[in-house]
**Q** 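I'd like to ask you about the structure that follows.
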Amino acid sequence: MDFRKINNLSVDCVLFGLGPHHLSVLLHKRALNLYNDNFPIIDDWILPGLNVFKSNNLGQSADLVLKGITEQHFLNKKQFRTYGSHKRVKTDKDLLWIRSKGGESRTITVVYYLTLPIENIIIDENSDFKWFPIKSLPVVGFDHQTIITDSYEDLQSKIMTEPIMFDLVPVKFTLNELQTAFEIVLNIELDNRNFRKKALTKPYIVPLDDKRKVAGSKKPSKLYMFSKDVYDKLTEKDYIINTIL
């Protein structure tokens, strides 16, 4: 394997994690102190990413980024967009960080994003990674705020036409969990009775014999699974959110 880096080509990953109350984004701590008054102290956050190795393609590079976070293997990462503006480096901190990593001031980055339940990646207190609710992000370096915003808008759009939502809930989920997921991601309120009625008409939302005790409920809730096989066999794609609303 050729471990030489392509200094002006990188991959960044936007990880969206859904919790009980928030959709969050995983950020990486950026820290550098040269102990020289001529250089700024860097102590902030950026998206997880790295420069592409010469012997790796883009997908393999994204996998390396994710492997640096967790040993889990994700099949649902989506190549989203390429960013190459000469204005990507916005501050002295950005320029110093790039130079400390041997990169170039004008770097093209290819962005991937993926969705998952937030509990699927447990972050240690001493880790360089941290989950932040998307509505209360810290100041981030480079153009990463734009990348996060663009990715989130794309996610909201695709959730209305593709089965991405089922990557955000557990493999076995309750209808309340599914409804809450839609409400959090789209920042809307749904009528519970209407949601359940229409969700149950979807052949790809498969009822299970299992039940789960839910906090605050006296009775265990029935569990369901998403069947990709059934969804893929539908002759007419039934837009998920349009018909649930």
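By convention here, the first residue in the shown sequence is residue 1. Keep in mind that this is a model prediction, so the values were computed, not measured.
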**Q** What residue pairs, at least two apart or across chains, pass ring-ring contact (aromatic ring centres under 6.0 Å, His included) with a residue in residues 51-79?
**A** Phe3-Phe53
**Q** Sort and list the pairs that fulfil side-chain hydrogen bond (donor to acceptor under 3.5 Å, both in side chains) and have at least one residue in residues 142-154, not counting sequence neighbours.
**A** Arg81-Asp150, Tyr83-Asp150, Arg88-Asp143, Tyr113-Asp154, Gln145-Thr149, Tyr152-Gln156, Asp154-Lys158
**Q** Check whether Lys222 reaches the backbone of Thr174 with its side chain - one donor and one acceptor, N or O, closer than 3.5 Å.
**A** no
**Q** In chain order, what residues pass the salt bridge (charged side-chain N to carboxylate O under 4.0 Å, His left out) check against Lys77, with sequence neighbours excluded?
**A** Asp63
**Q** Would you say the side-chain atoms of Asp210 pair up with the backbone N or O of Leu223, donor to acceptor, closer than 3.5 Å?
**A** no
**Q** If you measure from CE on Met160 to CE on Met165, what distance do you get to the nearest 0.5 Å?
**A** 11.0 Å
**Q** Are Lys172 and Pro170 side-chain neighbours, meaning at least one heavy-atom pair lies under 4.5 Å?
**A** no
**Q** Using the rule that two of Ile, Leu, Val, Met, Phe, Trp, Tyr join whenever any of their side-chain heavy atoms come within less than 4.5 Å, decide whether Ile188 and Ile184 are in one cluster.
**A** yes
**Q** What distance do Ser105 atom OG and Asn7 atom CG have between them, rounded to the nearest 0.5 Å?
**A** 11.0 Å
**Q** Only pairs under 3.5 Å count here: list side-chain donor-acceptor contacts from residues 28-42, not counting sequence neighbours, and write none if there are none.
**A**
residue, atom, partner, partner atom, Å
Lys29, NZ, Asp43, OD1, 2.6
Arg30, NE, Asp44, OD1, 2.8
Arg30, NH1, Asp94, OD1, 3.0
Arg30, NH2, Asp44, OD2, 2.9
Arg30, NH2, Asp94, OD1, 3.1
Asn33, OD1, Tyr35, N, 2.9
Asn36, OD1, Asn38, N, 2.8
Asn36, OD1, Asn38, ND2, 3.2

**Q** Under 3.5 Å, is there a donor-acceptor pair between the side chain of Gln179 and the main chain of Leu190?
**A** yes
**Q** Have a look at Phe142 and tell me which of Ile46, Leu47, Asp12 forms a side chain to side chain contact (heavy atoms under 4.5 Å, CB included) with it.
**A** Ile46
**Q** Do Ser10 and Ile108 have side chains that get closer than 4.5 Å, going by heavy atoms?
**A** no
**Q** Restricting to non-hydrogen atoms, name the atom on Val52 and the atom on Ser61 that form the minimum distance, rounded to 0.1 Å.
**A** CG1-OG, 3.4 Å
**Q** Give me the one residue out of Leu18, Leu155, Val185 that meets side chain to side chain contact (heavy atoms under 4.5 Å, CB included) with Thr115.
**A** Leu155
**Q** Got Thr82 and Thr109 here, is their nearest side-chain heavy-atom distance under 4.5 Å?
**A** no
**Q** Considering all heavy atoms of both residues, which atom of Val169 and which atom of Ala181 are nearest to each other, and what is their separation?
**A** CG1-CB, 3.8 Å
**Q** Indicate, with yes or no, if Leu168 and Leu114 share a hydrophobic cluster defined by side-chain heavy-atom contacts under 4.5 Å among Ile, Leu, Val, Met, Phe, Trp and Tyr.
**A** no
**Q** Atom NZ of residue position Lys54 - does it have more than 12 heavy atoms of other residues, nucleotides or ligands inside 6.0 Å?
**A** yes
**Q** Please tell me if the side chains of Tyr204 and Pro163 come closer than 4.5 Å, counting only heavy atoms from C-beta onward.
**A** no
**Q** List the atom pairs, donor and acceptor, that lie under 3.5 Å between side-chain atoms in residues 128-137 and the rest of the protein, sequence neighbours left out.
**A**
residue, atom, partner, partner atom, Å
Trp131, NE1, Ile121, O, 3.4
Lys135, NZ, Asn187, OD1, 3.3

**Q** Could you pull out the closest heavy-atom pair between Ile98 and Glu104, with the gap in Å?
**A** CG2-O, 3.3 Å
**Q** Less than 4.0 angstrom from a charged side-chain N to a carboxylate O is my criterion; do Glu177 and Arg212 meet it?
**A** yes
**Q** Measuring from atom CG of Asn8 to atom CG of Asn51, what distance do you get when rounded to the nearest 0.5 angstrom?
**A** 8.5 Å
**Q** How far does CD of Glu125 sit from CD1 of Ile123, to the nearest 0.5 angstrom?
**A** 12.0 Å
**Q** Are Leu116 and Tyr112 connected, step by step, through hydrophobic side chains (Ile, Leu, Val, Met, Phe, Trp, Tyr) whose heavy atoms are closer than 4.5 Å?
**A** no
**Q** Run the side-chain contact (heavy atoms from CB on, under 4.5 Å) test on Ile147 and Val14 for me, step by step, so that the C-alpha distance in whole Å, both residues' side-chain angles and the decisive distance to 0.1 Å come before the verdict.
**A** CA-CA 8 Å; Ile147 291 174; Val14 184; 3.9 Å; yes
**Q** Indicate if Ile164 and Leu178 have the same hydrophobic cluster label, given that clusters are the connected sets of ILVMFWY residues with side-chain heavy-atom separations under 4.5 angstrom.
**A** yes
**Q** Would Lys93 count as a cation-pi partner of Trp97, with NZ or CZ less than 6.0 Å from the six-membered ring centre and within 45° of the ring normal?
**A** no
**Q** Find the distance between CG (Leu175) and CD1 (Ile205) and round it off to the nearest 0.5 Å.
**A** 7.0 Å
**Q** State yes or no: do Ile148 and Leu23 share one hydrophobic cluster built from I, L, V, M, F, W and Y residues joined by side-chain heavy-atom distances below 4.5 Å, directly or via other members?
**A** yes
**Q** Calculate, to the nearest 0.5 Å, the distance between atoms CG and SG belonging to Leu26 and Cys13 respectively.
**A** 10.0 Å
**Q** Could you work out, with side-chain hydrogen bond (donor to acceptor under 3.5 Å, both in side chains) as the rule, every residue matching Asn126, not counting sequence neighbours?
**A** none
**Q** Is the Phe166 to Phe173 ring centre distance short of 6.0 Å?
**A** yes
**Q** Kindly give the heavy-atom pair with the smallest separation between Ser227 and Val206, and that separation in Å.
**A** CB-CG2, 3.7 Å
**Q** Could you tell me whether the side chain of Leu15 reaches within less than 4.5 Å of the side chain of Val25, counting heavy atoms only?
**A** no
